[in-house]
Amino acid sequence: MTLEGIPQECFEYRLGNRSALEWVIDQYQASTDKRSGIESDPNRLDDPQYIMRLVKQVVTVSVKTVELVRELTEAVTAEDWLGEQTGEIEASV
């Protein structure tokens, strides 16, 4: 399967040291356990579009999250946070 047209923002949303999409691609690979010989295949015979829908959802959530974080960064300044914290500290003293 080849994935094309994935927005760069998708890779900015990180789960630890990997993007969410990289994590899904890593976890959803067919593999065979060396010791037991048990096969793990994420493909579903009853739902052949499952993986594609999952990738689409992960890309959408990743891009939307990056957009929201950018909007919050522009809308809320450090002074907003520090000002509220300073006021709370002074009020409680």
Side-chain angles (χ1 to χ4, degrees):
M1 176 185 328
T2 301
L3 302 174
E4 295 178 345
I6 297 174
Q8 185 59 38
E9 292 86 359
C10 177
F11 298 100
E12 293 177 30
Y13 177 61
R14 314 286 291 176
L15 301 172
N17 62 350
R18 297 184 287 180
S19 72
L21 182 58
E22 290 168 324
W23 186 90
V24 167
I25 290 170
D26 183 52
Q27 296 297 310
Y28 282 81
Q29 292 184 28
S31 62
T32 303
D33 184 71
K34 293 178 183 178
R35 291 189 311 161
S36 68
I38 295 174
E39 293 183 17
S40 174
D41 187 351
N43 296 301
R44 296 183 177 176
L45 296 177
D46 64 327
D47 188 1
Q49 294 298 314
Y50 168 73
I51 299 292
M52 289 305 299
R53 272 197 325 278
L54 176 63
V55 166
K56 182 179 178 183
Q57 291 168 342
V58 168
V59 168
T60 299
V61 167
S62 297
V63 169
K64 292 292 184 187
T65 300
V66 168
E67 289 173 0
L68 287 171
V69 168
R70 284 183 183 153
E71 287 177 25
L72 282 171
T73 301
E74 293 171 6
V76 179
T77 65
E79 292 79 28
D80 294 333
W81 288 100
L82 294 175
E84 288 180 19
Q85 291 176 352
T86 304
E88 290 175 15
I89 292 171
E90 290 173 4
S92 65
V93 171

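Starting from 1, each residue takes its place in the sequence as its number.
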Participant: Consider only side-chain heavy atoms of I, L, V, M, F, W and Y, link residues closer than 4.5 Å, and tell whether Phe11 and Val69 are in one cluster.
Facilitator: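 Different clusters: Phe11 never reaches Val69 through Ile, Leu, Val, Met, Phe, Trp or Tyr contacts under 4.5 Å.
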Participant: Could you tell me if the side chain of Leu15 sits less than 4.5 Å from the side chain of Glu22, heavy atoms only?
Facilitator: no
Participant: Given side chains that start at C-beta, do those of Val55 and Leu3 come closer than 4.5 Å, heavy atoms only?
Facilitator: yes
Participant: Within this structure, what is the CD1-OG distance for the pair Ile38 and Ser31, rounded to the nearest 0.5 Å?
Facilitator: 10.5 Å
Participant: Let's go through Glu67 and Lys64 carefully: what are the C-alpha distance in whole Å and the side-chain angles of both, what is the deciding distance for side chain to side chain contact (heavy atoms under 4.5 Å, CB included) to 0.1 Å, and is it a yes or a no?
Facilitator: CA-CA 5 Å; Glu67 289 173 0; Lys64 292 292 184 187; 3.7 Å; yes
Participant: Going from CZ on Arg53 to OG1 on Thr60, what distance comes out if it is rounded to the nearest 0.5 angstrom?
Facilitator: 13.0 Å
Participant: Indicate, with yes or no, if Val61 and Val66 share a hydrophobic cluster defined by side-chain heavy-atom contacts under 4.5 Å among Ile, Leu, Val, Met, Phe, Trp and Tyr.
Facilitator: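 Different clusters: Val66 never reaches Val61 through Ile, Leu, Val, Met, Phe, Trp or Tyr contacts under 4.5 Å.
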Participant: Within the structure provided, determine whether Val59 and Pro7 are in side-chain contact (heavy-atom separation under 4.5 Å).
Facilitator: yes
Participant: So, taking the atom named CG in Leu54 and the one named CG in Asp47, what distance separates them when rounded to the nearest 0.5 Å?
Facilitator: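 Here the rounded value is 10.5 Å.
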Participant: Heavy-atom distance under 4.5 Å between the side chains of Arg70 and Glu12, does that happen here?
Facilitator: yes
Participant: Working to the nearest 0.5 angstrom, can you tell me the gap between Glu39 CD and Asp33 CG?
Facilitator: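 Glu39 CD to Asp33 CG: 11.0 Å, rounded to 0.5 Å.
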Participant: Which pair of heavy atoms, one from Val63 and one from Cys10, lies closest together, and at what distance?
Facilitator: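 Closest approach of Val63 to Cys10, heavy atoms only: CG2-N, 3.9 Å.
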Participant: So do the side chains of Glu74 and Glu71 get within less than 4.5 Å of each other, counting heavy atoms only?
Facilitator: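 No, too far: nothing below the 4.5 Å cut-off.
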Participant: Drop me the distance from Leu68's CG to Tyr13's OH, to the nearest 0.5 angstrom.
Facilitator: 11.0 Å
Participant: For the atom pair OG (Ser62) and CZ (Arg14), what is the distance rounded to the nearest 0.5 Å?
Facilitator: 10.5 Å
Participant: Looking at every non-hydrogen atom in both residues, tell me the closest pair between Tyr50 and Pro42 and how far apart they are.
Facilitator: CD2-O, 4.0 Å
Participant: Does CD in Gln29 sit with more than 12 non-hydrogen atoms of other residues, nucleotides or ligands closer than 6.0 Å?
Facilitator: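 Yes - once you tally the heavy atoms of other residues, nucleotides and ligands closer than 6.0 Å, there are more than 12.
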